[in-house]
Amino acid sequence: MEAAGPTPINMPVSTITDIKDQGSRCGDESGAGNLRSALGVAVSADHKIWVADRSKALLQVYNMEGVYLCQFPPGAQGLGYPSKTPSDVSIDRDGHLWVLMSGQLASPVSVVQVSRDGHLKANFDLPDTVPRLVLRGMAVDLRNNHIFVTWSGGYSGGVQAFDPKGKLLWSVGRQQRMMSPMNVAVNGKGNIFVSDYDTHFVYRYDETGQYVSKFGGPRPRGGHLNRPRGICVETFGHILVVDSRNQRVLLFTDQGAHLRHIAVRAEYPTAVAVGPGGQLVVINSNTITVYPRY
C-alpha cells in the first residue's frame with residue numbers, strides 16, 4: 001500500500017514543523033463549536049464529522065473543511081438524558097448514530113440510538129457489573145448492531161458486548177490482564193479490537209468474545225505503541241490506532257502486522273476516524289485535524 005497524505009512513511013515526528021497548509025483544523029477557537037473534552041469521533045457517508053465532547057450536552061457536528069455546523073440533535077428532546085453527556089459516538093449501517101452517555105456516580109452509563117432526523121430510536125442503561133465513573137469507549141458492529149463497550153477502572157478493565165436491546169452477550173478482559181482498555185473497533189468479520197492504555201497493546205477477540213491475539217506493545221520496534229487510545233477500521237479492513245504519546249496513528253493489518261504510521265500534529269490525540277473519501281480525521285481534547293489522504 002503506497003503512502004499518501006501529508007506525512008511520508010515512517011517520517012519521524014520530531015521533523016514535522018508545519019502541516020497547517022495540508023489539513024483543515026476546527027474547534028479550537030472560542031464560541032460555537034468550541035471543544036474542551038472531545039473523546040469520540042465518527043464520520044458519516046455525507047462527509048459530516050460527529051464529535052462526542054464530555055463538556056457538551058449534545059454531539060458537535062462539522063464538515064470536512066473544518067466549519068462548525070450545529071449541535072445534534074437540535075430538538076428539545078436531545079439525547080434523552082439531560083443530566084448525561086456524550087463520551088463516544090458510532091454510526092451503524094443505516095446511518096443512525098449510537099451515542100455512549102455518561103453522568104454522575106448516581107446514574108448508570110447509557111447507550112442511545114438516534115436517527116439522522118433527531119428521533120430517539122432505542123436506549124438502554126448498562127448493567128452495574130463494573131464500577132461507575134470509569135473511562136469507556138464504544139463501537140457498533142455494522143452487520144448486526146451489536147454494541148461493544150469498554151470499561152477501565154484502576155488497573156483492571158474489559159469489554160462488554162450487548163445486543164441492540166441492551167442484553168449483555170458476553171464480557172471479557174480480566175482473563176488477558178487488560179489494565180486500561182480505552183477504545184474499541186469491530187471489522188466486517190466480527191473481530192473486535194481493544195486498545196489498552198497501560199499495557200500498550202491492542203487485544204483482538206472474535207465475535208463470541210474469545211481471545212485471539214494481541215499486537216503493538218511497548219517494545220521499541222516499528223509497531224510499538226505508547227499509550228494507545230482511539231481505534232477504528234478503515235475501508236480496506238486495516239486497523240488504525242492512535243499512539244497518543246508518540247503523536248501518531250499506526251496502521252496494522254487485521255492480523256496485527258504493522259504497515260506504517262502517520263505522524264499527526266495534534267498533541268495527545270484521543271480518537272481517529274476515516275471519511276468516505278479516504279480522509280483521516282484525528283481529534284484531541286479541543287481540536288479536529290482532517291488530512292485529505294493518509
Side-chain angles (χ1 to χ4, degrees), residues 1-11 16 18-28 33 35 38-53 59-72 88-99 114-117 138-143 183-189 193 229-243 247-254 259-266 269-284 287-294:
M1 187 175 181
E2 295 181 352
T7 306
I9 295 177
N10 295 330
M11 181 177 181
I16 296 176
D18 189 8
I19 59 170
K20 64 184 179 182
D21 61 334
Q22 298 166 336
S24 56
R25 298 166 66 82
C26 66
D28 52 0
L35 299 173
L39 295 176
V41 63
V43 181
S44 53
D46 57 353
H47 295 79
K48 288 185 172 63
I49 300 170
W50 308 77
V51 179
D53 186 319
L59 295 174
Q60 311 301 298
V61 190
Y62 306 82
N63 66 19
M64 282 292 180
E65 288 69 47
V67 176
Y68 171 71
L69 300 177
C70 62
Q71 290 188 326
F72 179 87
D88 209 350
V89 57
S90 189
I91 300 174
D92 65 25
R93 64 183 177 185
D94 297 318
H96 302 316
L97 295 150
W98 289 82
V99 188
V114 188
S115 66
R116 286 291 299 273
D117 58 8
M138 181 194 67
V140 174
D141 192 331
L142 298 181
R143 304 171 309 149
N183 293 90
V184 57
V186 56
N187 67 8
K189 304 173 185 177
F193 302 87
R229 296 203 56 172
I231 186 169
C232 74
V233 178
E234 49 96 90
T235 306
F236 299 102
H238 297 142
I239 314 303
L240 288 161
V241 184
V242 169
D243 189 13
Q247 252 178 280
R248 60 183 186 171
V249 173
L250 269 64
L251 187 71
F252 296 91
T253 68
D254 62 357
L259 298 175
R260 58 188 175 94
H261 75 252
I262 305 99
V264 297
R265 186 180 179 186
T270 57
V272 62
V274 174
Q279 306 94 335
L280 182 69
V281 180
V282 182
I283 69 169
N284 65 6
T287 304
I288 305 166
T289 305
V290 179
Y291 300 96
R293 295 180 64 202
Y294 62 92

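Small disclaimer: the values here were computed from a predicted structure and weren't measured.
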How far apart are the closest heavy atoms of [X] and [Y], and which atoms are they?
X: Ala185; Y: Cys232; result: CB-CA, 3.8 Å
X: Leu39; Y: Ala271; result: O-CB, 3.5 Å
X: Leu97; Y: Phe72; result: CD1-CE2, 3.3 Å
X: Asn284; Y: Ala266; result: ND2-CB, 3.9 Å
X: Val41; Y: Ile49; result: CG2-CG2, 3.6 Å
X: His96; Y: Ser115; result: ND1-CA, 3.5 Å

Validation row: [X], [Y] side chains within 4.5 angstrom (heavy atoms):
X: Val281; Y: Ile288; answer: yes
X: Phe193; Y: Val186; answer: no
X: Tyr294; Y: Glu234; answer: yes
X: Ile239; Y: Ile231; answer: yes
X: Val233; Y: His238; answer: no
X: Met138; Y: Trp98; answer: yes
X: Thr270; Y: Val242; answer: no
X: Pro276; Y: Val43; answer: yes

Backbone N/O of [Y] and side chain of [X]: donor-acceptor pair under 3.5 Å:
X: Gln279; Y: Gly277; result: yes
X: Gln247; Y: Arg265; result: yes
X: Arg93; Y: Arg143; result: yes
X: Tyr291; Y: Val282; result: no

Rounded at 0.5 Å granularity, tell me how far [atom1] in [X] sits from [atom2] in [Y].
X: Arg248; Y: Asp243; atom1: CZ; atom2: CG; answer: 4.5 Å
X: Leu250; Y: Leu259; atom1: CG; atom2: CG; answer: 9.5 Å
X: Leu280; Y: Leu240; atom1: CG; atom2: CG; answer: 6.5 Å
X: Trp50; Y: Ser90; atom1: CH2; atom2: OG; answer: 13.0 Å

Could you go through the side chain to side chain contact (heavy atoms under 4.5 Å, CB included) check for Asn63 and Lys48 one step at a time? CA-CA 5 Å; Asn63 66 19; Lys48 288 185 172 63; 5.7 Å; no

Between Arg116 and Asp46, is there a salt bridge with N-O shorter than 4.0 Å?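 Between Arg116 and Asp46 there is a salt bridge, with a charged N closer than 4.0 Å to a carboxylate O.
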
Test log, rule side chain to side chain contact (heavy atoms under 4.5 Å, CB included), inputs Val51 and Leu35: CA-CA 9 Å; Val51 179; Leu35 299 173; 4.1 Å; yes

Output, in order, the C-alpha distance, side-chain angles, deciding distance and verdict of side chain to side chain contact (heavy atoms under 4.5 Å, CB included) for Phe236 and Thr253. CA-CA 9 Å; Phe236 299 102; Thr253 68; over 6 Å; no

Evaluate the side chain to side chain contact (heavy atoms under 4.5 Å, CB included) criterion for residues Val89 and Leu59: first the C-alpha distance (whole Å), next the side-chain angles of each, then the deciding distance (0.1 Å), finally the verdict. CA-CA 8 Å; Val89 57; Leu59 295 174; 4.1 Å; yes

